Structure formats: C-alpha cells, structure tokens
Protein chains: 2
Amino acid sequence: MADQLPRKTSRIQQRNRRRILDAALDVFSAHGFRGATLDQIAEQAGLSKPNILYYFDGKEEIHVTLLSQLMETWLDPLIALDPAGEPLTEILAYVQRKLDMSRDLPRESRLFANEILQGAPRMDPHLRADLKPLFDDRCAVIRAWMDAGQLAQVDPRHLIFSIWATTQHYADFQAQIEVLLEGEEPIDAASQFLQTMFRNLLTPGQRTAPA
Amino acid sequence: MADQLPRKTSRIQQRNRRRILDAALDVFSAHGFRGATLDQIAEQAGLSKPNILYYFDGKEEIHVTLLSQLMETWLDPLIALDPAGEPLTEILAYVQRKLDMSRDLPRESRLFANEILQGAPRMDPHLRADLKPLFDDRCAVIRAWMDAGQLAQVDPRHLIFSIWATTQHYADFQAQIEVLLEGEEPIDAASQFLQTMFRNLLTPGQRTAPA
DNA sequence: CGTGTTTTTGACCATTTGGTAAATCCACGA
DNA sequence: TCGTGGATTTACCAAATGGTCAAAAACACG
C-alpha cells in the first residue's frame with residue numbers, strides 16, 4: 001500500500017513542529033522578522049533553542065514556512081468569491097469573511113502586514129505566483145458584473161484594495177484602535193459600517209431615501 | 001535680548017542632526033526599530049557610528065525623536081478639518097490630504113505603521129495624549145453634521161478608521177500594490193475611487209441615477 | 001597665529017544572537 | 001532487559017551590534 005516510506009513524521013515531531021510554528025507566529029507577528037529572536041520563540045514554545053534548530057534549519061526557514069502556510073489562508077476568502085453568485089451578496093460576504101479573519105487571526109494579519117511593510121522580501125515570489133493571478137481573475141469577474149449593470153462602475157482593483165485595507169486595519173492597527181475606542185470591541189460596529197459603505201458604493205442606480 | 005544662552009545649535013549641528021534623522025527615517029521605516037542598525041543609519045547618513053552617538057544618546061533616542069516629529073505631521077490633516085466648513089467637502093478634502101501624504105511621505109507612513117503594528121510600545125502615550133482628544137473632538141464634529149442631516153448617519157469612528165485604512169494602505173502595502181498593478185502609479189485612480197466611495201457613503205438622501 | 005572648543009575618528013568592549021557539536025536521554029521493539 | 005535511533009540538552013562559538021573613550025582633527029575667533 002502507499003505511504004510506506006520510512007516513518008515520515010512521528011507523533012512527537014508533528015506536535016513539536018506545530019508548537020514551534022505557533023510560538024513563532026506569536027513572536028514574528030509581534031516583533032517582525034529581525035526583531036524576533038530564536039530564544040523568544042524557544043521560550044514561547046517551551047523548548048530549548050537547539051531543540052528548535054533540530055526541527056527547523058534556522059530562523060529563516062521557520063519564517064518562510066509560516067509565510068507559505070499564511071498565503072493559503074490569505075487567499076481562501078477571495079477564492080471563495082463565487083462568480084456564479086449574486087454580485088452584491090458575494091462582495092459583502094467577502095468583506096465579512098475578511099473582517100472575521102481580522103478578529104480571529106490577528107497574528108496572521110500582522111505577520112503578513114510586517115512582511116509587506118518591509119517590502120515583501122520573502123513573499124514577493126508568492127505574491128507574483130499565487131496572489132497576482134487570482135487578483136486578476138477576481139478583478140475580471142467583478143468587472144463583468146459591473147459591465148452587466150449588476151454593480152456600480154468603480155475600479156475593481158481599488159475596490160479590492162479598499163476591502164483589504166479596511167478589514168485588515170482592525171487587526172494591524174489594533175493597538176491604536178484600542179486606545180481610541182477605549183477597549184470597546186470594534187468588530188460588530190465595523191461590520192455594520194463596512195456593509196453599509198460597500199453596499200452604498202456598489203448598489204447600481206437609485207438609493208432609497210432615508211427615513 | 002532673549003536667546004542669549006550659549007550657542008544653542010551650530011549650523012553644522014543642525015545639518016548633521018537633520019541628516020541623521022533623515023537616514024534613520026529611511027532605515028527604521030524599511031526595517032522596523034529592531035531591524036534597523038546604527039551602522040546602517042550611519043552609512044546612510046554618511047557619518048561614522050560614533051559620530052551619530054555624538055548627536056544622539058542612542059538608537060532609542062533617534063527613534064523617539066522621529067516618532068515625536070511624526071505625530072505632528074500625522075495630526076495636521078485631521079486638525080485642518082474645519083468644523084465651520086461644508087461637511088462633505090471637508091471630509092473629502094481630508095481623504096485627499098491623507099492620500100497625498102501616502103504618496104509624498106511613504107516613509108513616515110511606514111514608520112507609523114511599524115510602530116503601531118508592534119503594539120505602539122513607544123507611541124502609546126502620544127496616542128493617548130495627542131491623538132485621542134483630537135479624535136474624540138473630530139468624531140463629535142462629524143456626529144453633529146450627521147445629526148443636522150448634512151451627512152448620512154454612520155459611525156464617525158469607523159468612518160475615520162476607514163479613511164486612515166484606505167489611504168495609508170497605498171504607502172504601507174506599496175510592495176504588494178506594485179506587484180498587483182505592475183508598477184502603475186495608483187494614486188490618481190485611488191483618489192477617484194475613494195472620492196466616489198466616501199461621497200456615496202456620506203451623501204444624505206437620494207443619489208442621482210447613473211447615465 | 002594661538003588657543004580653547006566643537007566635531008570626528010579609530011580602537012575597543014560587552015552583550016546578544018543565530019547557529020553548532022557532542023554528549024545524554026529516552027521510548028520502544030526484539 | 002538491552003540495544004538503537006530519534007529527541008533533547010549542555011557547553012560553546014563567531015558574528016553582529018549598541019555603545020564607550022581618549023585622542024586627533026577641524027574649527028572659531030581674538
């Protein structure tokens with residue numbers, strides 16, 4: 001039968017690799033690549049530094065592994081945007097998914113933001129190979145919807161940018177938001193605001209008068 | 001007459017301090033605080049490392065100086081929002097100012113983003129002391145406009161967040177945008193998109209039908 | 001020019017940090 | 001029970017890095 005190659009990854013190996021990646025996500029997302037130290041990751045993971053190096057070839061490899069996994073997670077919501085669905089519903093659902101991710105995966109969002117902020121030194125190939133084609137495809141889908149009169153005409157590329165910017169903001173700038181909202185949980189109000197904003201932007205034709 | 005205290009800052013001192021801060025802005029905004037090294041800053045400034053330490057007490061002080069200056073620059077556009085002006089015009093002008101800043105001061109934007117991303121360890125007091133009161137005040141102004149029926153009713157806090165997010169995105173995520181737009185200059189199209197988006201969001205009552 | 005002051009530098013230091021090597025531990029099947 | 005291979009640790013290292021210091025150089029100015 002298949003899967004006969006010598007023990008791929010033992011139980012303990014899987015557990016420890018996952019631990020390390022989780023700890024590294026904590027540390028990298030909080031301090032950036034250069035600001036993170038192996039000692040911090042080791043402590044957070046509850047392992048010794050050399051033990052970490054037993055599972056990964058080095059700091060760089062941990063980071064790269066994290067970024068690779070992240071890329072998938074990051075593309076998922078955009079992939080889920082269904083060209084056959086109702087246009088406005090699809091886009092608003094996409095906004096909601098992205099907003100939920102900011103609430104549920106803030107570390108991932110900040111890891112990504114850190115990487116892009118510094119010029120995407122390690123992620124640039126991924127962006128070109130994975131994100132760019134999907135982005136182009138989704139732009140074409142949205143443009144088709146607009147040409148069919150199902151959505152108001154705006155630049156689809158900047159529409160997507162604005163969705164990314166507004167949703168990820170709640171994870172990436174959390175420190176600032178906490179100060180300004182005095183700790184109040186922002187996601188519910190943000191959701192309502194963003195749904196309104198993008199519905200108003202994208203609804204073609206007349207708008208119903210306010211009460 | 002006043003200003004008699006012994007030589008405050010010589011010509012050369014001013015020049016070198018400015019050089020250092022400019023170089024430090026380059027390096028800090030590109031690599032974050034911990035990722036930046038004094039050697040990099042020194043090289044970029046065209047000075048020796050000990051000479052840098054002659055003008056500043058240390059890496060930390062350079063960073064703090066930069067952040068202090070940045071805070072003023074950052075608040076300016078929001079301060080310029082005139083409570084006596086025409087509401088929609090004022091807000092759209094604010095959006096444009098912020099967008100122009102992303103184009104003209106991307107390093108400052110990224111320095112700020114880096115600091116907030118890492119939890120605002122050094123800027124938190126500034127945020128509470130300077131940004132928070134201004135934010136609250138401007139929220140009140142906008143809310144008053146809305147209550148007077150001059151703007152559509154939305155949460156002013158999230159409105160401001162969305163303006164920050166969408167405009168700063170073009171500086172902070174420049175690396176990603178360059179990949180996706182294949183180097184095309186984004187600011188003009190972004191301006192048109194954002195003006196449309198916020199006008200549609202904030203215009204009270206009916207919207208004119210499309211052509 | 002001479003002298004006191006500011007600026008600059010070369011040599012150095014202590015700590016941090018990513019990484020290595022070898023010894024040790026330990027789970028588990030024969 | 002013992003051997004064996006994977007897992008873990010202890011002790012290190014070399015490079016990078018923030019920072020110091022005393023001396024040299026440059027400069028201001030009477």
Side-chain angles (χ1 to χ4, degrees), chain A residues 3-67 114-115 118 121-122, chain B residues 3-67 114-115 118 121-122:
Chain A
D3 207 321
Q4 218 176 132
L5 353 177
R7 81 266 84 77
K8 267 202 156 151
T9 49
S10 70
R11 204 61 40 76
I12 190 165
Q13 225 169 82
Q14 279 186 307
R15 182 176 58 89
N16 279 350
R17 283 184 73 97
R18 220 170 328 124
R19 267 196 193 180
I20 292 169
L21 288 174
D22 189 68
L25 180 55
D26 267 9
V27 178
F28 281 134
S29 68
H31 305 293
F33 178 73
R34 298 223 26 207
T37 72
L38 282 179
D39 292 288
Q40 284 176 298
I41 296 173
E43 192 193 8
Q44 183 78 15
L47 299 171
S48 68
K49 183 166 64 172
N51 204 7
I52 300 259
L53 276 310
Y54 173 75
Y55 288 102
F56 289 91
D57 276 345
K59 187 182 173 182
E60 179 99 19
E61 201 205 289
I62 301 177
H63 195 239
V64 166
T65 303
L66 234 32
L67 288 181
N114 254 312
E115 169 70 8
Q118 331 241 311
R122 285 165 250 272
Chain B
D3 207 321
Q4 219 175 130
L5 353 176
R7 82 264 85 78
K8 267 198 157 155
T9 50
S10 71
R11 202 63 37 76
I12 190 166
Q13 226 170 81
Q14 278 186 307
R15 181 177 57 90
N16 279 352
R17 283 184 73 97
R18 218 169 331 124
R19 267 195 192 180
I20 293 169
L21 288 175
D22 189 69
L25 181 55
D26 267 9
V27 178
F28 281 134
S29 68
H31 305 293
F33 178 72
R34 298 225 24 209
T37 72
L38 281 179
D39 292 289
Q40 284 176 299
I41 296 173
E43 192 192 8
Q44 183 79 13
L47 298 172
S48 68
K49 183 166 64 173
N51 204 6
I52 300 258
L53 277 309
Y54 172 75
Y55 288 102
F56 290 89
D57 275 345
K59 188 181 173 183
E60 178 99 19
E61 201 204 288
I62 301 178
H63 195 240
V64 166
T65 304
L66 234 32
L67 287 181
N114 254 310
E115 169 70 8
Q118 330 240 314
R122 285 164 250 274

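Keep in mind that what you see is a predicted model, and the values were worked out from it rather than measured. In the text below, chain A, chain B and the rest are named by the order of the sequence lines, each starting its count at 1. Worth knowing before you read on, the calculation uses all heavy atoms, side chains too, and leaves out hydrogens, waters and symmetry mates.
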Given atom [atom1] of [X] and atom [atom2] of [N], what is their separation to the nearest angstrom?
| X | N | atom1 | atom2 | result |
| --- | --- | --- | --- | --- |
| Ile52(A) | dT10(D) | CD1 | P | 15 Å |
| Lys49(A) | dA21(C) | NZ | C1' | 14 Å |
| His63(B) | dG18(D) | NE2 | P | 13 Å |
| Leu38(B) | dT15(C) | CG | P | 18 Å |
| Arg11(B) | dC29(D) | CZ | P | 11 Å |
| Phe33(B) | dT16(C) | CZ | C1' | 14 Å |
| Gln14(A) | dA7(D) | CD | C1' | 16 Å |
| Leu53(A) | dT8(D) | CG | P | 14 Å |

Contact under 4.0 Å: [X] side-chain N or O vs [N] OP1/OP2:
| X | N | answer |
| --- | --- | --- |
| Asn51(A) | dT9(D) | yes |
| Ser48(A) | dT9(D) | yes |
| Gln13(A) | dG6(D) | no |
| Asn16(B) | dT6(C) | no |
| Tyr54(B) | dT8(C) | no |

Point to revise | Nearest-nucleotide comparison on DNA chain D, the residue closer to the 5′ end among Asp39(B) and Ile12(B) | key: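 In this pair, the answer is Asp39(B).
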Exercise for review: Quick one: closest heavy-atom pair of Ala42(B) and Ile52(B), and the distance?
Suggested key: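 Heavy-atom minimum between the residues: CA-CD1, 3.7 Å.
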Point to revise | Distance in Å, Gln40(B) CD paired with Asp26(B) CG, rounded so as to fall on 0.5 Å steps | key: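 Between atom CD of Gln40(B) and atom CG of Asp26(B) there are 10.5 Å.
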Practice item. Quick one: sort the Phe28(A) and Phe33(A) rings into parallel, tilted or perpendicular, breaks at 30° and 60°. Key: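 The rings of Phe28(A) and Phe33(A) lie parallel, inter-plane angle below 30°.
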**Study point:** Side-chain heavy-atom pair Gln44(B), Asp22(B) within 4.5 angstrom cut-off
**Key:**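 When only atoms from C-beta onward are counted, Asp22(B) and Gln44(B) do not touch, as no gap falls below 4.5 Å.
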Please classify the nucleic acid contact of [X] as base, sugar-phosphate, or nothing, using heavy-atom distances under 4.0 Å.
| X | value |
| --- | --- |
| Ala42(B) | nothing |
| Tyr55(A) | sugar-phosphate |
| Arg34(A) | sugar-phosphate |

**Study point:** Check: His31(A)/Arg34(B) side-chain N/O donor and acceptor closer than 3.5 Å
**Key:**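 Absent: no donor and acceptor within the cut-off.
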